[in-house]
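Note that these values count all heavy atoms, side chains included, but never hydrogens, waters or copies made by symmetry. Reminder, nothing fancy here: chain letters follow the sequence lines and each chain counts from 1.
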2 protein chains.
Amino acid sequence: MSASIGDVAQLAGVSVATVSRAIRGLPNVSPSTRDRVLRAAEQLQYSAHPHASRLAAGHTMTVGMAVPVLTQWFFAQVVAGAEGVLAASGYDVLLYSVPDNHAKQRFVDRMPFSKRVDGLIAVDLLFVSSEFERLTAQPVPLVTVGTSHDGAPSVTIDNVDGAVKATRHLVNLGHRRIGLITHHQPHALPFAAPLQRRRGYELVLAEAGITVRENLIAPGNLMAAARRVAPLETAQGSSRRGSLALQGGAEAMAQLLTVDRPPTAVFAESDEMAVGALKTVRDAGLHVPGDVSIIGFDDHDMAAYCDLTTVAQPVQQQGETAAALLVEHMHDDTGMRETTSVVLPTKIVVRATTGPHRSGRADIAAVP
Amino acid sequence: MSASIGDVAQLAGVSVATVSRAIRGLPNVSPSTRDRVLRAAEQLQYSAHPHASRLAAGHTMTVGMAVPVLTQWFFAQVVAGAEGVLAASGYDVLLYSVPDNHAKQRFVDRMPFSKRVDGLIAVDLLFVSSEFERLTAQPVPLVTVGTSHDGAPSVTIDNVDGAVKATRHLVNLGHRRIGLITHHQPHALPFAAPLQRRRGYELVLAEAGITVRENLIAPGNLMAAARRVAPLETAQGSSRRGSLALQGGAEAMAQLLTVDRPPTAVFAESDEMAVGALKTVRDAGLHVPGDVSIIGFDDHDMAAYCDLTTVAQPVQQQGETAAALLVEHMHDDTGMRETTSVVLPTKIVVRATTGPHRSGRADIAAVP
DNA sequence: CTGAAAGCGCTTACAG
DNA sequence: CTGAAAGCGCTTACAG
């Protein structure tokens, strides 16, 4: 079929051991020999059979990457980011989609023992402790993005802080009746992004002396429908729902417009929901930001187009950082697995959908 | 580290050969022996080392998938579709991003000879004949999606026909001045989707006795910017540009609104451009479809949300079909590579952005 | 139905 | 600096 190391050895008149060394750039090969080998290899279009070298050398030069679903904006970005740095370091990426708990179970059961990867990146996968233990009880290093577990390096953003920025922006514009469109999932774990973002919202209201009103908080996640499409509990579900989030945001906003004194500003936990909300407001004949200010979260591709004010998070960079961390760990043979957790910064991007509260500081004055 | 086939053999009291056969469900193993082996394997949490079995068996059980860039909607969908059926057939997917000509060159040079995959799927990659020959001059089967080359199975859609449907829809609504927002790339090959879609447009105008007017055709591709982001010439660039397309569509529409007698209907070669166009029209204070009808192409996630009339193409299904075709070819040891090319159907989805020409059949009456 | 042995194509001590 | 040989963990004829 194609040339083997033996063919090259024969052509170059050396042993296969020497070919192996010459080609991999190992020391202890005389320049002239190396030259001859390289020329022979070139001539035969030789490249090492990866499975053979991996078997012999004991490493695979590939890393496994598990994501809930590739079709969602966030995940595709993260994978792309990781793939870039992994490729640059000579690693192939093996893709695993883990759309539901069954797939997660299978991933946890099989992956660590399948010996086919040198490292693992898990994006937005919430592992219960038994799963996580199983995953780390073996020599393949793991780094998580979007979630963090004690015992593995992780890459995340500070969701509370991001939400604080968003809410504070609205408060500083004079708003007092501030709505929240959430993507809280029923049984989500405590550190899930939706809960964290809600927490930031509540923190700022408290610090501004504004009472949290339940009727100003609307779920934008269309639970039944979302569950059908993406049955897996993910940590940052908010940013990842695809077009359902548009619709969910639209409906949540519609609900907010029915309450007694509707909000003059709304923080949506994701840009997609924010864009949906935008539509509802405009369809209702109201103006943004004249009547209602809206701020999102993510800096999704659509955000710039819609002139949406938002809290930007670096998405591709989360993949890149995770990959860099992983590469470092794979090269680190000391076996000691220090658990770096890097928290990437968010930053507010003010565009055209937020503005000062209409009645100036009226509302504020109304509150003692 | 983890159990090997030898450990299982020892525990079960049989030879490794028998373990191998029992575990892979080969015939010629007595039920009781098989049972004992399976139990032992279970107990040791044994799973075969993939590199070893692949080396020995001569196949890799993985397929390589090359896409221009994973971050674009279309490509992520296609990969997800393919990954699904590949996983179901027991294949892993190795991801290659081929964002520019340099990467393409490297892919063509190395991939086929790297012996690391049993098959290849190339999405939207335009190969010149020398590249294509190199790719097919080896035993690894290739299937292309979005492009088709003589000599390899492919899955595509009929872009001409899709565009015919779109344009005919507008003509049937009584429109005569029909604009086109193109995504034609300067040096694109003849079969590239943008050209095909344009061809469909021209075909229908001709059949309706309407002259093609150059000033009603506007490029929506923001060439300089697009080139910076995605330097590779792709076949169906129109559908894949991300947010640039939104902006490009918006600008193209703005241009169309400046001509002497502006179009009463516009066919945009992609939904993203159509959505951009929608914005321009509304920002100008005009109504859709009252003043201008707009139809897109793709049935992108955003289309339903925007109530955009469009020509839907099955996107995930293109990945699924390609994967199924490839699996079939990989299982086919006859070596004869019949070149099935499957063309998936498009279908028009009428929503709220197209409507009858305002002045009824006036325009039509004006033309003999 | 089962086992002993060769072989897949490399890498890596070990000698020299 | 270079080579002979063992070994990585499986699979696959070949015997029996």
Side-chain angles (χ1 to χ4, degrees), chain A residues 1-38 40-41 44-62 90 92 113-118 138-140 333, chain B residues 1-38 40-41 44-62 90 92 113-118 139 333:
Chain A
M1 208 167 292
S2 59
S4 78
I5 198 172
D7 301 329
V8 179
Q10 193 175 325
L11 214 192
V14 297
S15 72
V16 295
T18 300
V19 172
S20 176
R21 287 190 281 253
I23 282 187
R24 288 177 301 147
L26 260 36
N28 297 336
V29 180
S30 76
S32 71
T33 305
R34 186 185 304 279
D35 246 43
R36 211 147 17 98
V37 170
L38 260 27
L44 297 174
Q45 289 196 128
Y46 169 75
S47 74
H49 186 134
H51 295 311
S53 27
R54 286 157 190 193
L55 216 209
H59 56 243
T60 67
M61 289 311 284
T62 111
D92 288 334
F113 304 97
S114 76
K115 305 148 193 157
R116 78 186 68 190
V117 298
D118 291 341
Q138 38 76 246
V140 173
D333 286 333
Chain B
M1 210 166 291
S2 58
S4 78
I5 197 173
D7 301 329
V8 178
Q10 194 176 323
L11 214 190
V14 297
S15 72
V16 296
T18 299
V19 173
S20 176
R21 287 190 281 254
I23 283 187
R24 288 177 300 147
L26 261 37
N28 296 336
V29 180
S30 76
S32 71
T33 306
R34 187 186 302 281
D35 246 42
R36 211 146 19 97
V37 170
L38 260 28
L44 297 174
Q45 289 195 128
Y46 170 75
S47 74
H49 186 134
H51 294 312
S53 27
R54 286 157 190 194
L55 216 208
H59 56 243
T60 68
M61 290 309 285
T62 111
D92 288 333
F113 303 97
S114 76
K115 305 147 195 159
R116 79 184 68 190
V117 297
D118 291 342
D333 285 333

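No side-chain heavy atom of R21(A) sits under 4.5 Å from any side-chain heavy atom of N28(A). Side-chain atoms of V140(A) and D118(A), non-hydrogen and from C-beta on, never get closer than 4.5 Å to each other. By the 4.5 Å heavy-atom criterion applied to side chains, T62(B) and R116(A) are not counted as neighbours.
With dC10(C), dT2(D), dT2(C) as the candidates, the nucleotide lying closest to the side chain of T18(A) is dT2(D). Picking from dG3(C), dT2(C), dC10(D) the nucleotide with the shortest atom distance to the side chain of V14(B) gives dG3(C). When distances are taken from the side chain of S30(B) to each of dT12(C), dC1(C), dC10(D), the shortest belongs to dC1(C). Looking at the side chain of S15(A), the nearest of the listed nucleotides dT11(C), dG3(D), dC1(D) is dG3(D). Of all nucleotides listed (dT2(D), dT2(C), dT12(C)), dT12(C) comes nearest to the side chain of R24(A). Among the nucleotides dG7(C), dT12(D), dC8(D), the one closest to any side-chain atom of S20(B) is dT12(D). You'll find that the side chain of A56(B) is closest to dC10(D), out of dT2(D), dC10(D), dG7(D).
Regarding H51(B), its NE2 atom lies at a distance of 19 Å from the C1' atom of dG7(C), rounded to whole Å. What separates NE2 of H49(A) from P of dG9(D) is a distance of 16 Å, to the nearest Å. Rounded to whole Å, atom P of dT12(C) lies 10 Å from atom CZ of R21(A). Per the geometry, OH belonging to Y46(B) stands 7 Å off C1' belonging to dG9(D), to the nearest Å. In this structure, D7(A) atom CG and dG9(C) atom P are separated by 9 Å, rounded to whole Å. Here dT12(D) presents its P atom at 8 Å from CG of L26(B), a figure rounded to the nearest Å. Counting to the nearest Å, the P atom of dC14(D) and the CG atom of N28(B) are 15 Å from each other. One can place CD of Q10(A) at 14 Å from P of dG3(D), the figure rounded to the nearest angstrom.
For the pair R34(B) and A52(A), nearest-nucleotide mapping onto DNA chain C gives the more 5' position to R34(B).
Within the nucleic acid shown, A17(B) comes within 4.0 Å of at least one base atom, counting heavy atoms only.
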Original post:
What's the verdict on side chain to side chain donor-acceptor pair (under 3.5 Å) for R36(B) and S32(B), showing C-alpha distance, side-chain angles and the deciding distance?
Top reply: CA-CA 6 Å; R36(B) 211 146 19 97; S32(B) 71; 4.8 Å; no
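Side chain R54(A) to base dG9(D): no donor-acceptor pair is found below 3.5 Å.
When all heavy atoms are compared, the tightest approach of V16(B) to G6(B) is CG1-CA, 3.9 Å.
Base pairing of dG16(C) is made with dC1(D), judged by Watson-Crick or G-U wobble geometry with both donor-acceptor distances under 3.5 Å.
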